[in-house]
Amino acid sequence: MTVALAAVILSKNEEAHIVECISSVQWADRVVVFDSFSTDRTVTLAQDAGADVIQNPFENYAQQRNAALDAVDADWILFVDADERSSPEQAAEIRDLLPRAEHNGYWIPRHNYIFGKLTRHTGWFPDYQMRLLRRGKARYDPERQVHELVILEGDPGYLAVPFTHFNYTSFRQFREKQNRYVRYDARILQEQGIRPRPHKFLTQPLRQFLWRFVTLRGYRDGWHGLRMSLLMAWYEFQKYVHLRRLYHDS
């Protein structure tokens with residue numbers, strides 16, 4: 001039976017988050033946990049919380065989201081990450097929108113908590129994510145395996161009420177994810193023919209810092225904004241280090 005709206009939560013070993021995430025989207029007509037064969041209690045907890053569980057082998061995020069679009073029978077899909085939370089205010093906005101929706105996809109802003117701090121600037125707000133999709137009118141670009149890109153029929157719309165995203169809870173988690181992004185982004189640069197010229201090791205990190213701290217008003221996040229701007233500049237430097245390594249090994 002086709003429902004109007006299904007909330008779909010991608011998961012892999014998300015026992016710490018899954019119950020609260022499901023609870024936050026119980027207002028949807030159906031809640032589906034689209035699981036990548038978790039080895040912890042994610043599946044059991046999800047079933048006990050009232051969600052349907054579909055398991056699918058993980059290849060990359062674009063593939064996984066496309067598989068969910070194929071598998072979940074609903075007019076609209078709301079993709080929610082396990083470390084995100086919806087709200088009654090968001091429920092009201094989406095419920096009011098759907099009967100008169102003029103677009104096939106909608107950008108949703110996010111409030112990001114990084115190291116426990118709500119980060120209102122420094123590039124982490126509004127942090128729009130295209131997550132509300134009319135099924136059959138949207139697909140994810142299979143070439144974009146990270147930082148997924150939606151291929152949408154027509155222009156997108158924008159919602160006002162944000163998700164709450166409990167982003168990086170520890171420096172270790174932040175470092176591990178940024179290291180993955182560094183490797184991915186360096187490969188993209190290499191594919192584009194961009195070479196690690198010596199001056200890039202100085203100018204690109206400096207540009208990243210000024211963009212986040214000044215242009216994106218990271219200074220308004222205080223010491224936290226300064227720290228995040230410096231960290232992102234450091235990982236911009238690491239991206240070019242990895243790019244140089246790729247050219248050296250090729």
Say you draw a straight line from [atom1] of [X] to [atom2] of [Y]; how long is it, rounded to the nearest 0.5 Å?
{"X": "H17", "Y": "S11", "atom1": "NE2", "atom2": "OG", "result": "12.0 Å"}
{"X": "T42", "Y": "Q55", "atom1": "OG1", "atom2": "CD", "result": "10.0 Å"}
{"X": "F163", "Y": "Q90", "atom1": "CZ", "atom2": "CD", "result": "4.5 Å"}
{"X": "F34", "Y": "Q64", "atom1": "CZ", "atom2": "CD", "result": "5.0 Å"}
{"X": "Y235", "Y": "F174", "atom1": "OH", "atom2": "CZ", "result": "6.0 Å"}
{"X": "D83", "Y": "T169", "atom1": "CG", "atom2": "OG1", "result": "9.0 Å"}

Side-chain contact test, heavy atoms from C-beta onward, threshold under 4.5 Å: evaluate it for [X] versus [Y] and give yes or no.
{"X": "R139", "Y": "V150", "answer": "no"}
{"X": "L216", "Y": "T122", "answer": "no"}
{"X": "E153", "Y": "R134", "answer": "no"}
{"X": "I114", "Y": "W124", "answer": "yes"}
{"X": "V241", "Y": "K239", "answer": "no"}
{"X": "Y106", "Y": "W76", "answer": "yes"}
{"X": "T119", "Y": "F125", "answer": "no"}
{"X": "I54", "Y": "V33", "answer": "no"}

Check against side chain to side chain contact (heavy atoms under 4.5 Å, CB included), Y240 and R244
CA-CA 6 Å; Y240 280 86; R244 181 176 61 184; over 6 Å; no
Given I77 and V72, is the side chain to side chain contact (heavy atoms under 4.5 Å, CB included) satisfied, shown in steps?
CA-CA 8 Å; I77 300 292; V72 179; 3.8 Å; yes
Transitively linked via ILVMFWY side-chain contacts under 4.5 Å: [X] with [Y]?
{"X": "I9", "Y": "L133", "result": "no"}
{"X": "W107", "Y": "L152", "result": "yes"}
{"X": "M228", "Y": "Y113", "result": "no"}
{"X": "F171", "Y": "Y181", "result": "yes"}
{"X": "F79", "Y": "Y158", "result": "yes"}

Quick check against the 3.5 Å criterion: does [X] have a side-chain atom that pairs as donor or acceptor with the backbone of [Y]?
{"X": "D29", "Y": "V3", "result": "no"}
{"X": "N179", "Y": "R175", "result": "yes"}
{"X": "S229", "Y": "G225", "result": "yes"}
{"X": "H165", "Y": "H111", "result": "no"}
{"X": "Q178", "Y": "W234", "result": "no"}
{"X": "Q129", "Y": "I108", "result": "no"}
{"X": "D40", "Y": "E15", "result": "yes"}
{"X": "S24", "Y": "R85", "result": "no"}

Applying salt bridge (charged side-chain N to carboxylate O under 4.0 Å, His left out), run through R131 and E84 and close with a yes or a no.
CA-CA 12 Å; R131 296 290 190 76; E84 294 172 342; 2.7 Å; yes
Ring-face cation contact, Y247 with R195, 6.0 Å cut, 45° max
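R195 over Y247 ring: yes.
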Any Lys/Arg nitrogen of [X] or [Y] sitting under 4.0 Å from an Asp/Glu carboxylate oxygen of the other?
{"X": "D81", "Y": "R65", "answer": "yes"}
{"X": "R207", "Y": "E236", "answer": "no"}
{"X": "E191", "Y": "R187", "answer": "no"}
{"X": "D35", "Y": "K12", "answer": "no"}

Please give me the minimum heavy-atom distance between [X] and [Y], naming the atom from each residue.
{"X": "A6", "Y": "A74", "result": "CB-CB, 3.7 Å"}
{"X": "D52", "Y": "R30", "result": "OD2-NE, 2.8 Å"}
{"X": "F37", "Y": "N56", "result": "CE1-C, 3.7 Å"}
{"X": "P109", "Y": "A160", "result": "CG-O, 3.6 Å"}
{"X": "M232", "Y": "Q208", "result": "O-CG, 3.6 Å"}
{"X": "S38", "Y": "N13", "result": "OG-N, 2.7 Å"}

Give the intermediate values and the outcome of side chain to side chain contact (heavy atoms under 4.5 Å, CB included) for residues L230 and F209.
CA-CA 6 Å; L230 288 169; F209 174 81; 3.7 Å; yes
Quick one: sort the F58 and Y61 rings into parallel, tilted or perpendicular, breaks at 30° and 60°.
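Ring orientation, 0 to 90° scale: perpendicular.
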Measure up the F115 and Y168 rings against each other and bin them: parallel (under 30°), tilted (30 to 60°), perpendicular (over 60°).
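F115 vs Y168 ring planes: tilted.
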Is the count of non-hydrogen atoms from other residues, nucleotides or ligands lying under 6.0 Å from E102 atom CD greater than 12?
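No, CD of E102 has 12 or fewer neighbouring heavy atoms, counting only those of other groups under 6.0 Å.
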Checking salt bridge (Lys or Arg N to Asp or Glu O under 4.0 Å) against R135, which of D73, D75, D70 comes through?
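When salt bridge (Lys or Arg N to Asp or Glu O under 4.0 Å) is applied between R135 and each of D73, D75, D70, only D73 qualifies.
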Evaluate side chain to side chain contact (heavy atoms under 4.5 Å, CB included) for L5 paired with I94, printing each intermediate quantity in order.
CA-CA 10 Å; L5 174 68; I94 292 175; 4.1 Å; yes
Side-chain donor-acceptor pair under 3.5 Å between R183 and H242, yes or no?
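Note: R183 and H242 side chains miss the donor-acceptor criterion.
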Go through the steps for D221 and K117 under the test salt bridge (charged side-chain N to carboxylate O under 4.0 Å, His left out), then give the verdict.
CA-CA 9 Å; D221 286 321; K117 296 181 180 293; over 6 Å; no
